[in-house]
There are 2 protein chains.
Amino acid sequence: MDIVSLLRDSGLRATKSRIAVLSFLEQQRVPISISEIAEKLGAVVDPVTVYRIIDAAKGAGIVKEVNLGTGSISYELAPDGHGHHHVVCTSCHKIADVSSCHEELLSRDALKEARGFASITGHSLEFFGLCKSCS
Amino acid sequence: MDIVSLLRDSGLRATKSRIAVLSFLEQQRVPISISEIAEKLGAVVDPVTVYRIIDAAKGAGIVKEVNLGTGSISYELAPDGHGHHHVVCTSCHKIADVSSCHEELLSRDALKEARGFASITGHSLEFFGLCKSCS
DNA sequence: TAGTACCTGCAAAAAAATTGCAAGTACTAT
DNA sequence: ATAGTACTTGCAATTTTTTTGCAGGTACTA
């Protein structure tokens, strides 16, 4: 799915700035913070606009917030709504992707326990560990 | 376990400010951001010190970063190292706790998939859904 | 192709996070 | 109990991040 269709299908206009930001996000192999995006795209998109674009895309469910334990929030493109997960090396911050997560099992159990909740629509899951070089 | 012992056992000095911040954190029923802590404890602990205390406590593994999808990182006391998880209502931001998470299963599968990793030492898991009032 | 609702950039401000340093404090070993 | 020492803190100042308002520009609709 190309970025333009992704935007339109999410009810967002396919503007030059949005295409630039989401394409950039798509090229990243790992999640990235807003200020890093703003810095890298500085020549093309105003920082203020980057904030607004990420906000809109998050609202539309096409980018996902990720907390890699670095103290700041990172973002990644999640075209299908439910992205993958990550393993982060607590020593060198290397990141690997993980896709399996037993979603149904987890959600079912969580819903059973969570008092006052009617449904579970998504989740965020990250692992921390040591990569082979650091261990 | 009282806060003083918790600090000492983690190799941190039990200072007045640290006790104040961690006790406050312990009283919260939901994770809270650094600036909220700083604001609430403003009369007692300097904001700069709050930042440094959270940083030290995070390093020592007695507070945990939590991403509740709000765009900012929250913190909670995690005396035992591995806290519980949460379900967040995407409409009203109500939060419920969840403890079951099939940790061994998840970690084993993640390690199998994560190329270049030697071990998994922890994880972060949050659920998003709708509470009964909002659904 | 014109209309309109939505987006963007700029300038400015507010808020959050970091740094350096001097004074204060917790812990250790007398 | 006490003095030494290394770690902590508060303050002031700075830097970085995030938000806001508004005028002009642009994507999409009919």
Side-chain angles (χ1 to χ4, degrees), chain A residues 1-25 31-63 65-75 93, chain B residues 1-25 31-63 65-75 93:
Chain A
M1 167 106 87
D2 67 308
I3 298 294
V4 172
S5 315
L6 181 59
L7 282 163
R8 294 222 175 102
D9 290 357
S10 310
L12 298 176
R13 291 190 176 176
T15 68
K16 204 172 151 188
S17 300
R18 284 180 179 164
I19 296 167
V21 169
L22 296 191
S23 303
F24 178 73
L25 221 43
I32 185 174
S33 71
I34 292 191
S35 41
E36 285 172 311
I37 300 170
E39 197 178 328
K40 298 272 175 63
L41 291 183
V44 185
V45 185
D46 189 275
V48 173
T49 302
V50 173
Y51 278 95
R52 295 196 265 225
I53 288 174
I54 294 297
D55 202 50
K58 188 172 65 177
I62 57 181
V63 308
E65 283 186 356
V66 181
N67 176 14
L68 266 18
T70 57
S72 68
I73 293 181
S74 303
Y75 296 87
H93 296 108
Chain B
M1 166 109 86
D2 67 307
I3 299 293
V4 172
S5 314
L6 180 60
L7 283 163
R8 294 222 176 102
D9 290 356
S10 310
L12 298 175
R13 290 188 177 178
T15 68
K16 202 172 151 189
S17 301
R18 285 180 179 162
I19 295 166
V21 169
L22 296 191
S23 302
F24 178 73
L25 222 41
I32 186 174
S33 71
I34 292 190
S35 41
E36 285 172 310
I37 301 170
E39 197 178 328
K40 298 273 177 61
L41 291 183
V44 185
V45 185
D46 188 276
V48 173
T49 302
V50 174
Y51 280 94
R52 295 197 265 225
I53 288 174
I54 294 297
D55 201 51
K58 188 172 66 177
I62 56 180
V63 307
E65 284 187 356
V66 180
N67 176 15
L68 266 19
T70 57
S72 69
I73 294 180
S74 303
Y75 295 85
H93 297 108

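Per chain, numbering begins at 1; letters A, B, ... match sequence-line order.
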> What closest approach, in Å, do A/Ile19 and A/Ala14 show between heavy atoms, and which atom pair accounts for it?
CD1-O, 3.9 Å
> A side-chain contact here means heavy atoms from C-beta on lying under 4.5 Å apart; do B/Asn67 and A/Val66 qualify?
no
> Rounding to an integer number of Å, can you tell me how far B/Leu7 CG sits from D/dT8 P?
10 Å
> Expressed as a whole number of angstroms, how long is the span from A/Ile3:CD1 to D/dA27:C1'?
17 Å
> Calculate, to the nearest 0.5 Å, the distance between atoms CD1 and OG1 belonging to B/Ile53 and B/Thr15 respectively.
5.5 Å
> So what does B/Arg18 hit on the nucleic acid, given a heavy-atom distance under 4.0 Å: a base, only sugar-phosphate, or nothing?
sugar-phosphate
> Going by salt bridge (Lys or Arg N to Asp or Glu O under 4.0 Å), name the residues that satisfy it together with B/Lys58, two or more places apart in sequence or in a different chain.
B/Glu65
> Could you state the CD-P distance from A/Glu36 to D/dT18, rounded to the nearest angstrom?
11 Å
> Drop me the distance from B/Leu25's CG to B/Lys40's NZ, to the nearest 0.5 angstrom.
11.5 Å
> Can you measure B/Ile73 atom CD1 to C/dA17 atom P for me and round it to whole angstrom units?
9 Å
> Distance check needed: D/dC28 P versus A/Asp9 CG, whole Å only.
12 Å
> Quick check: do A/Leu7 and A/Ile62 have side-chain heavy atoms less than 4.5 Å from each other?
yes
> Within this structure, what is the CG-to-P distance between A/Asp55 and D/dT19, rounded to whole angstrom?
7 Å
> Rounded at 0.5 Å granularity, tell me how far OH in B/Tyr51 sits from CD1 in B/Ile34.
5.5 Å
> Tell me the interatomic distance from A/Ile19, atom CD1, to C/dT8, atom C1', rounded to whole angstroms.
14 Å
> Heavy-atom distance under 4.5 Å between the side chains of A/Phe24 and A/Val45, does that happen here?
no
> Atom CG of B/Leu22 and atom CG of B/Asp2: how far apart are they, to the nearest 0.5 Å?
11.5 Å
> For nucleotides 26-30 of chain C, give me every protein contact, N/O to N/O, under 3.5 Å, one pair per line with atom names.
residue : atom : partner : partner atom : Å
C/dA26  : N3   : B/Arg13 : NH1          : 3.3
C/dC27  : OP1  : B/Arg8  : NE           : 2.9
C/dC27  : OP1  : B/Arg8  : NH2          : 3.4
C/dC27  : OP1  : B/Ala14 : N            : 3.0
C/dC27  : OP2  : B/Arg8  : NH2          : 2.7

> How close or far is atom C1' of D/dG21 from atom OH of A/Tyr51, stated in whole angstroms?
18 Å
> For DNA chain D, determine which residues of residues 37-50 of chain A have any heavy atom closer than 4.0 angstrom to one of its atoms, and list them numerically.
A/Val48
